[in-house]
K.L.:
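Please see the structure below; I have some questions.
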There are 4 protein chains.
Amino acid sequence: MRGHLTGGGARGDVRGGGVHHGNRHGRSEQARQAVLDAADNLLVERGFAGVTIEGIAARAGVAKQTIYRWWPSKVDVLMDAFIEDMAQELTPAEHGDLGADLRVHLGKLADFLTQSDSGAVFRALAGQAQHDPDLAARLRTDYLGRQRDRDRLPLLRAVERGELSPDLDVDAAVDQLVGPIYYRVLVTGDPVPPAFTDQLVHQFLTLHAH
Amino acid sequence: MRGHLTGGGARGDVRGGGVHHGNRHGRSEQARQAVLDAADNLLVERGFAGVTIEGIAARAGVAKQTIYRWWPSKVDVLMDAFIEDMAQELTPAEHGDLGADLRVHLGKLADFLTQSDSGAVFRALAGQAQHDPDLAARLRTDYLGRQRDRDRLPLLRAVERGELSPDLDVDAAVDQLVGPIYYRVLVTGDPVPPAFTDQLVHQFLTLHAH
Amino acid sequence: MRGHLTGGGARGDVRGGGVHHGNRHGRSEQARQAVLDAADNLLVERGFAGVTIEGIAARAGVAKQTIYRWWPSKVDVLMDAFIEDMAQELTPAEHGDLGADLRVHLGKLADFLTQSDSGAVFRALAGQAQHDPDLAARLRTDYLGRQRDRDRLPLLRAVERGELSPDLDVDAAVDQLVGPIYYRVLVTGDPVPPAFTDQLVHQFLTLHAH
Amino acid sequence: MRGHLTGGGARGDVRGGGVHHGNRHGRSEQARQAVLDAADNLLVERGFAGVTIEGIAARAGVAKQTIYRWWPSKVDVLMDAFIEDMAQELTPAEHGDLGADLRVHLGKLADFLTQSDSGAVFRALAGQAQHDPDLAARLRTDYLGRQRDRDRLPLLRAVERGELSPDLDVDAAVDQLVGPIYYRVLVTGDPVPPAFTDQLVHQFLTLHAH
DNA sequence: TGGTAAACGAGACGGTACGTCCCGTCTTAGA
DNA sequence: TCTAAGACGGGACGTACCGTCTCGTTTACCA
């Protein structure tokens with residue numbers, strides 16, 4: 001799944017096979033993909049400052065104007081690349097057991113943030129968002145909000161199963177579970193091993209599980 | 001008021017009183033201060049991207065070379081301005097009671113991060129650090145390390161007083177106490193009211209206090 | 001008469017009234033006219049550099065491709081507009097008297113070059129022709145050659161009437177009569193009043209008339 | 001020595017030998033010369049449209065900003081290059097005989113306009129001046145006015161010697177002598193051989209010499 | 001009378017050059 | 001010896017047009 005920006009495949013569709021080059025009835029999917037790939041690669045290879053519109057255009061074999069036509073700035077390109085890359089949705093699996101659910105989910109989250117290319121893009125975007133309120137808003141809408149929904153899922157299911165009290169402040173619980181992970185990733189730069197996430201889960205269960 | 005960080009006149013001294021413009025006897029304190037003020041103001045007024053060496057120089061009435069002579073880059077200027085401004089050291093007071101110590105300290109930390117000008121500078125630097133490993137390292141050395149030391153203080157004192165077990169993993173405890181705060185500040189952008197920090201403390205005490 | 005590019009009304013004809021939009025049997029006269037008008041207006045309003053294919057297309061309500069389909073470049077559009085506008089052919093009248101013929105003809109030529117809109121287009125084209133040999137060649141073929149033929153007419157008639165010697169170098173004579181006029185128009189920018197052209201005629205007659 | 005445009009060697013001077021790179025007390029003569037040379041060469045090699053600020057900068061090994069700092073546009077660069085190149089001032093020699101003076105002078109003028117590199121630059125500038133009133137004005141001030149003064153010199157000397165009447169309209173005479181030459185150069189594109197200029201002189205003498 | 005082919009509007013595309021901003025380096029004259 | 005001033009080579013910015021290329025529609029002719 002990709003391209004909520006494409007305006008719904010309707011526009012970007014290539015009807016009869018055969019690559020098209022863009023016209024009034026739709027943009028070039030080929031160019032779009034080349035731009036996102038180039039941006040991604042540049043970020044990984046050269047860091048955030050190494051991502052420039054000119055560099056993306058050159059590497060993607062695309063005209064600068066084509067980038068400006070569809071994205072307001074380089075962070076928007078990276079944002080799209082990020083959304084695009086987040087194929088694996090980090091949706092928590094269900095094991096019928098809160099402890100297992102949380103341990104697996106937080107471990108995956110930590111890996112995503114610290115090990116994956118997408119995680120690198122996220123860290124760059126989160127950094128930029130500190131001095132770019134618009135990006136901050138969009139990041140929250142397009143990623144963090146959805147991610148938080150996924151983070152809450154194991155807890156809600158446990159409430160339904162009766163493992164957790166219906167009175168639990170779910171939002172606060174999420175803050176306490178994932179907060180320390182993001183803190184290590186964005187602030188201290190310490191690694192986030194399973195031991196760390198498992199301990200978070202352990203203490204959470206100690207406090208809240210029957 | 002500023003400049004407890006000047007290194008104790010040693011560097012910036014002006015011997016005979018009277019403003020000087022820099023000479024064989026040392027750098028101009030006047031120029032140094034003007035640069036830091038200008039950087040600070042520009043950050044507040046125009047955001048991180050609005051802070052440029054040329055802009056600082058123009059506003060400070062200083063030559064670019066003077067900036068390059070003393071600071072390697074604009075983030076170093078901001079770093080100095082940040083350290084300079086951090087007058088209140090966020091050193092936790094001692095009330096002889098862990099709960100009180102933690103509640104007051106986390107509340108102050110939250111206020112610092114979300115309300116103060118220095119906090120704004122910190123957020124900008126933390127953002128930049130996501131794509132600037134040198135800055136990240138320096139930020140950890142010059143601020144975060146010291147801040148973490150201060151964050152541990154209440155816990156260490158409680159251990160000494162016997163309020164906490166000597167087996168406590170202090171680092172993990174700090175992560176769980178301040179992590180959610182930084183998470184809100186840097187990631188979700190949610191406010192961090194006393195209710196939030198107080199709850200963090202409450203749950204920590206539930207888990208660890210005798 | 002207009003439009004050697006139209007290939008003779010044969011192609012462009014719209015038989016039964018009613019606007020058409022072009023089809024396999026002919027181009028749209030409407031579009032052609034809109035393009036020439038737009039080019040003309042843009043030249044007068046914004047100067048040569050202000051005439052762009054995109055600008056013409058936008059103002060004419062025509063697609064760029066329609067322009068490129070029929071004209072190789074913007075100077076060709078202007079060339080057509082120029083030819084189109086040159087309704088009055090500057091054909092010298094015959095008064096049976098060389099002096100009168102020349103005075104009237106040179107006066108008209110001067111007025112055309114300095115006062116008329118067509119003259120402005122000509123000056124622009126002549127300017128461009130200095131760095132565009134193709135345009136220069138075409139300007140000579142389509143305008144200057146014909147104009148020179150007209151310029152020679154009074155002299156040839158005077159030779160026939162016996163007012164001028166059959167040995168006269170007619171080309172050199174034309175150079176000397178119109179050269180100073182174009183010199184003022186294109187080089188010095190001085191006005192070209194009747195007194196100036198009359199003096200040219202007077203001196204020419206002094207030298208060559210019996 | 002060159003460069004009346006340098007603002008008088010005062011600014012551009014390099015005092016103690018040793019190339020300098022420009023500073024508050026003067027611009028870089030080295031850069032200035034490289035720009036003018038590059039512009040000149042590009043014009044000759046690739047024509048007027050082939051002269052671009054980027055091209056000049058690249059060939060001269062100079063930053064675009066350095067060009068924009070000192071010249072408003074590419075035609076100003078070419079103008080300077082033209083003035084610079086016009087080392088040979090086309091000042092008419094004095095033979096004590098009007099016929100000889102004029103024949104030699106007009107022959108040199110024709111050669112300059114049709115054969116020399118500077119002549120090519122002049123034609124390009126004259127062309128551009130047709131759609132650039134500012135350039136037209138500057139061309140008249142900095143070149144044509146001075147050239148006309150030189151063109152008048154043989155006539156004024158002949159008046160003093162008594163070869164021509166003091167009542168002669170010198171300006172009109174110049175128009176008639178050089179007008180046909182510029183006409184051929186800028187309008188018809190015909191060559192301007194000595195036979196042509198000699199005939200101009202012959203007819204002028206027939207009319208005006210005692 | 002319906003198929004079809006040319007011309008049309010629209011506009012996306014890969015490009016080039018524009019003129020501007022800021023970078024970090026350098027050279028100077030004055031205090 | 002430090003400063004203010006500012007010219008320099010460089011790189012990226014965002015914009016304007018270039019000339020080419022589909023698209024889907026309109027329209028007149030001919031089968």
Side-chain angles (χ1 to χ4, degrees), chain A residues 15 18-28 30-31 49 52-55 57-58 60-70 72-74, chain B residues 20-28 30-31 49 52-55 57-58 60-70 72-74, chain C residues 14-16 18-28 30-31 49 52-55 57-58 60-70 72-74, chain D residues 14-15 18-28 30-31 49 52-55 57-58 60-70 72-74:
Chain A
R15 238 59 54 105
V19 165
H20 79 121
H21 297 269
N23 54 41
R24 73 192 291 195
H25 304 287
R27 61 192 283 193
S28 164
Q30 199 183 8
T52 65
I53 299 284
E54 301 225 320
V62 141
K64 276 165 58 177
Q65 188 56 48
T66 297
I67 301 180
Y68 284 111
R69 189 158 20 232
W70 301 109
S73 74
K74 78 170 184 179
Chain B
H20 78 119
H21 295 268
N23 55 36
R24 67 164 70 174
H25 304 292
R27 67 191 282 196
S28 161
Q30 197 185 9
T52 66
I53 297 285
E54 302 225 322
V62 143
K64 277 164 59 177
Q65 189 56 45
T66 299
I67 301 179
Y68 283 111
R69 188 150 31 226
W70 301 108
S73 73
K74 78 169 184 180
Chain C
V14 178
R15 238 56 60 109
V19 164
H20 79 118
H21 294 269
N23 55 41
R24 71 197 294 192
H25 304 287
R27 65 191 284 196
S28 162
Q30 198 185 10
T52 66
I53 298 285
E54 301 226 322
V62 142
K64 276 165 61 178
Q65 188 56 44
T66 299
I67 301 180
Y68 283 110
R69 189 155 23 230
W70 301 109
S73 74
K74 80 169 183 179
Chain D
V14 179
R15 239 58 57 103
V19 165
H20 80 120
H21 297 268
N23 56 41
R24 73 191 290 195
H25 304 287
R27 63 192 281 193
S28 165
Q30 200 182 6
T52 65
I53 297 285
E54 299 224 320
V62 141
K64 275 165 58 178
Q65 188 56 48
T66 298
I67 301 181
Y68 284 110
R69 186 151 31 227
W70 301 109
S73 74
K74 79 171 183 177

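Chain letters run A, B, ... following the sequence lines, proteins first, then strands; residues in each count from 1.
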K.L.:
Between atom CZ in C:Arg27 and atom P in F:dA28, what is the gap in whole Å?
P.N.:
17 Å
K.L.:
Determine: side-chain N/O of A:Trp70 to OP1/OP2 of E:dC13, distance under 4.0 Å, yes or no.
P.N.:
yes
K.L.:
Provide the closest heavy-atom pair for B:Ala63 versus B:Ala57 in the form atom of the first, atom of the second, distance.
P.N.:
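Nearest pair, atom of B:Ala63 first, then B:Ala57: C-CB, 4.3 Å.
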K.L.:
Measure from CZ on B:Arg69 to C1' on F:dA4 and round the result to the nearest Å.
P.N.:
10 Å
K.L.:
Side-chain N or O of B:Thr66 versus OP1/OP2 of F:dA4: is the shortest distance under 4.0 Å?
P.N.:
yes
K.L.:
Can you name the nearest heavy-atom pair linking C:Lys64 to C:Ile53, along with the distance?
P.N.:
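That would be CG-CG2, 4.2 Å.
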K.L.:
Where is the tightest heavy-atom contact between D:Ala31 and D:Val62, given as atom of each residue plus distance?
P.N.:
CB-CG2, 4.0 Å
K.L.:
Which is more 5' along DNA chain E, the nucleotide nearest C:Gly61 or the one nearest D:Ala49? Just name the residue.
P.N.:
C:Gly61
K.L.:
For C:Gln30 and F:dT27, what is the distance between atoms CD and P respectively, to the nearest whole Å?
P.N.:
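Distance check: C:Gln30 CD to F:dT27 P gives 11 Å.
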K.L.:
With nearest nucleotide decided by heavy atoms, which residue, A:Val62 or C:Ala60, maps closer to the 5′ end of DNA chain E?
P.N.:
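Final value for this comparison: C:Ala60.
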K.L.:
List, with names and distances, any nitrogen or oxygen atoms from the protein found under 3.5 Å away from nitrogen or oxygen atoms belonging to nucleotides 18-20 of chain E.
P.N.:
| unit_1 | atom_1 | unit_2 | atom_2 | d |
| --- | --- | --- | --- | --- |
| E:dC18 | OP1 | D:Ile53 | N | 2.8 |
| E:dC18 | OP2 | D:Ile53 | N | 3.1 |
| E:dC18 | OP2 | D:Glu54 | N | 2.8 |
| E:dG19 | OP2 | D:Tyr68 | OH | 2.5 |
| E:dG19 | O5' | D:Tyr68 | OH | 3.4 |
| E:dG19 | N7 | D:Lys64 | NZ | 3.0 |
| E:dG19 | O6 | D:Lys64 | NZ | 2.8 |

